Structure formats: structure tokens, C-alpha cells
Asker: 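Here it is: the structure, laid out below.
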2 protein chains.
Amino acid sequence: MSDSKKSDIQIIQALRNKGYKATPQRITICRFALSSREHPSAQKVYSEVKKIHSTVSLSTVYKTLQVLKELGMLQELSSSLSQTRFDPNVKLHINLVCLQCSTIEDLDDPVERELIRRISGSAEFTVTEHHLDVYGVCRKCKTKAKA
Amino acid sequence: MSDSKKSDIQIIQALRNKGYKATPQRITICRFALSSREHPSAQKVYSEVKKIHSTVSLSTVYKTLQVLKELGMLQELSSSLSQTRFDPNVKLHINLVCLQCSTIEDLDDPVERELIRRISGSAEFTVTEHHLDVYGVCRKCKTKAKA
DNA sequence: CTTATTGCAAACACTTTGCACTCTC
DNA sequence: GAGAGTGCAAAGTGTTTGCAATAAG
């Protein structure tokens, strides 16, 4: 089980390991960003964290999300939605982006692995990261549309 | 051969078919955007078109690129690069994005089709479009790095 | 006590919009 | 000649940066 849910202690250690200080703001931001499954935007993280830490600034949120990316604990998704979204699932996976409600769902498919393996195999291009973003309408919105 | 290279006459017809006027600016923009294989940004299209049509504005370029998207003649790529890039190849394909030189290359792979077919098959999500963006270092930059 | 971090405001880059003038059809 | 399109400048986004005050180690 490589659960992405991290305890505060794990978060603090991960930060300190790389020489980052474990400030209360950072811990709160990390706690939310690393446990959320809704692929939050920076704004979303900000408004959630603000509930707990009313003085936190958006710029601290942006900076902390960059730190988490650097630590490899967060993936940045540049979808065609206006805002960048963040995903604590850093494993190989597909993002299902609903164009109606902006929900992003994760999906696993072994074929994807095969695909990337093949691209990496052809010595023409060295793959460092990749995103498979699929756009459409999710089940919820489809059901809603019928009504 | 469904060549993406369009003649001026084809461009004019496509525009008029949908009620758009075929202005010289538009034709010049289309001519470049639809034949370029370098996945140009709006800025790039602008500076190329400016060579021919010195008074063209960036806003006209943006508007025309939207029209071309609407006509299904152009695909918008929201990569993690700062600027949106446009691709006249609207068929199913993979984008190889070089993080060093910002070059984007198209790649075809039948596995991709299978992948999308499978996602569409599971009635959970209705796929309308998708992008498979692979990031890394292209052959050119790799060779350069060795030197 | 040193140094990183915070939070604010200001700067940024890309894209979109409002509007008077112009050109297509 | 009617209405869409142009080009300008101005507004809008989301994100980043500079810096004095603050807090972590």
C-alpha cells in the first residue's frame, strides 16, 4: 500500500530532509493538498487552508505547491481548464477531465504503461514525464443532462 | 491522403460555409497556421503573419485561431509550456514536448486508439477529445547535451 | 542568532474584450 | 449598405516576484 495520505510527521520529515522549514502554514497546505482527491487548484487550496489558517496568503500556497512538486509528492496538471490543478497521485495514470463540472478523475490502465514504454524505447525521445488528459462529460453530468 | 495542407480556395470556402468572411488577414493567418508543422503559439503566428501583413494585430490572430478551432481545422494544445500551442493535425496523436527547446513533435501509435476506445467503452465517461502529452528531451537536444 | 519564510503589493505574461473605423459580401 | 471584422488600448486571468517583517531551527 503506497498510500498517498501522509501524516504530519511524514510531511515534516520530508520537508526537513530537503532543508525546508516546517512552518504551520506549510503543514496545513500540505495536509490538504496531499490528501485531497479532487485535484485542487491553487485557489482551492488557498480557500481551504484559509479556514484553518486565516492569515495565509495565496503566494505562500503557490510557493508551497512548488516545493511539494520538487519533493515529488505532487503532480501539476496543465489541462485546458483555465487553472493549473494539482494531484497527489504521482503514479502513472490517466486524467478524466469533465468539461462541464471541471471535475478531474484518475483512471488506471495498463495500456498506458505499454505506450510510454514504447515511446521511451525508441531512442528518439527521452521521456521524463507525461500526462494523458482525456476530456469529455462525466457520468454525473451525463445523468444531469438527461433530466 | 488527408493532407492538412489547405489551399486558399479551400480555406475561403471553409470560412464562408460557416458564415465567416474571408478577409485577407484571416487568409494569411490560416495559410500559416494550417500548414505549419511546428505547433506555433499565437505569438509565433502573429510574427510570421506580420511579415506579410504588417498591420495585423495579435487580437485578430487570437480570434482567427478560435475560428479555426471551431471549424475543427486546428487543435489547441495546453502543454505545461507557458503559451498555448496550435496544431493543424487534428487526428488522434501523441505530442512529444521537448522541455529544453520547446519543440513539439507529433507521433502516431495505434495503442493510443485502443486506449481511448477502452475509456469510451466504459460508459462512465463520454470522451469528446483528449491529448496525450509526453514531456522530455528530444534527440536534437540530447545530442547537443553530449557536446 | 542566522536564515528561510511569510504576506503584502506590485509586476508579469498571456489572452480576452470594448469600441470606433473599415471592409466583405 | 448592412453587418461582420479589424486594430488599438484597456481590462482580465492566473501566477510570480521583491521586500520588510517575522518565525523556525
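Note that the structure is a prediction, hence the values are computed from the model and not measured.
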Asker: From CD1 of B:I27 over to C1' of C:dT24, roughly how many Å is that when rounded to an integer?
Answerer: 11 Å
Asker: Can a side chain N or O of A:Y62 be found less than 4.0 Å away from OP1 or OP2 on D:dT16?
Answerer: no
Asker: Taking atom types as modelled, find out whether B:H39 and B:D106 have a side-chain donor-acceptor pair closer than 3.5 angstrom.
Answerer: yes
Asker: Nearest nucleotide by nearest heavy atom, which residue falls closer to the 5' end of DNA chain C, B:K21 or B:S82?
Answerer: B:S82
Asker: Determine the minimum heavy-atom distance between A:K21 and A:L15, stating which atoms define it.
Answerer: O-CD1, 4.3 Å
Asker: May I ask you to check whether B:H130 and B:E112 show a side-chain donor-acceptor distance below 3.5 Å?
Answerer: yes
Asker: Test side chain to side chain donor-acceptor pair (under 3.5 Å) on A:Y20 and A:E70 and set out the steps.
Answerer: CA-CA 11 Å; A:Y20 292 110; A:E70 209 184 305; 2.8 Å; yes
Asker: Does a side-chain N-to-carboxylate-O contact under 4.0 Å join A:D87 and A:K69?
Answerer: no
Asker: Rounded to the nearest angstrom, tell me the gap between atom CG in A:L15 and atom P in C:dT5.
Answerer: 9 Å
Asker: How do B:A42 and A:S57 order along DNA chain C: which one's closest nucleotide is nearer the 5' end?
Answerer: A:S57
Asker: Quick one: A:I12 CD1 to C:dA4 P, roughly how many Å, whole number?
Answerer: 20 Å
Asker: Whole angstrom is fine here: how far is it from CG in B:L65 over to C1' in C:dC14?
Answerer: 13 Å
Asker: Round to a whole Å and report the spacing from NZ of A:K63 to C1' of C:dG7.
Answerer: 8 Å
Asker: Send over the distance from B:H53 NE2 to D:dC8 P, rounded to a whole Å.
Answerer: 13 Å
Asker: Considering only C:dC25, C:dA4, C:dG7, which nucleotide approaches the side chain of B:A22 most closely?
Answerer: C:dC25
Asker: For B:V56 and A:S59, take the nucleotide of DNA chain D holding the closest heavy atom to each; which residue's nucleotide lies nearer the 5' end?
Answerer: B:V56
Asker: Could you tell me how far apart A:Q66 (CD) and C:dT6 (C1') are, to the nearest whole angstrom?
Answerer: 17 Å
Asker: Any donor-acceptor pair under 3.5 Å between the side chain of B:T84 and the base of C:dC14?
Answerer: no
Asker: Please determine whether any donor N or O and acceptor N or O are separated by less than 3.5 Å between the side chain of B:S41 and the base of C:dC14.
Answerer: no
Asker: How many Å lie between CD on B:Q25 and C1' on C:dC21, as a whole number?
Answerer: 13 Å
Asker: Considering just the side-chain nitrogens and oxygens of B:T23, establish if one lies under 4.0 Å of OP1 or OP2 belonging to D:dT6.
Answerer: yes
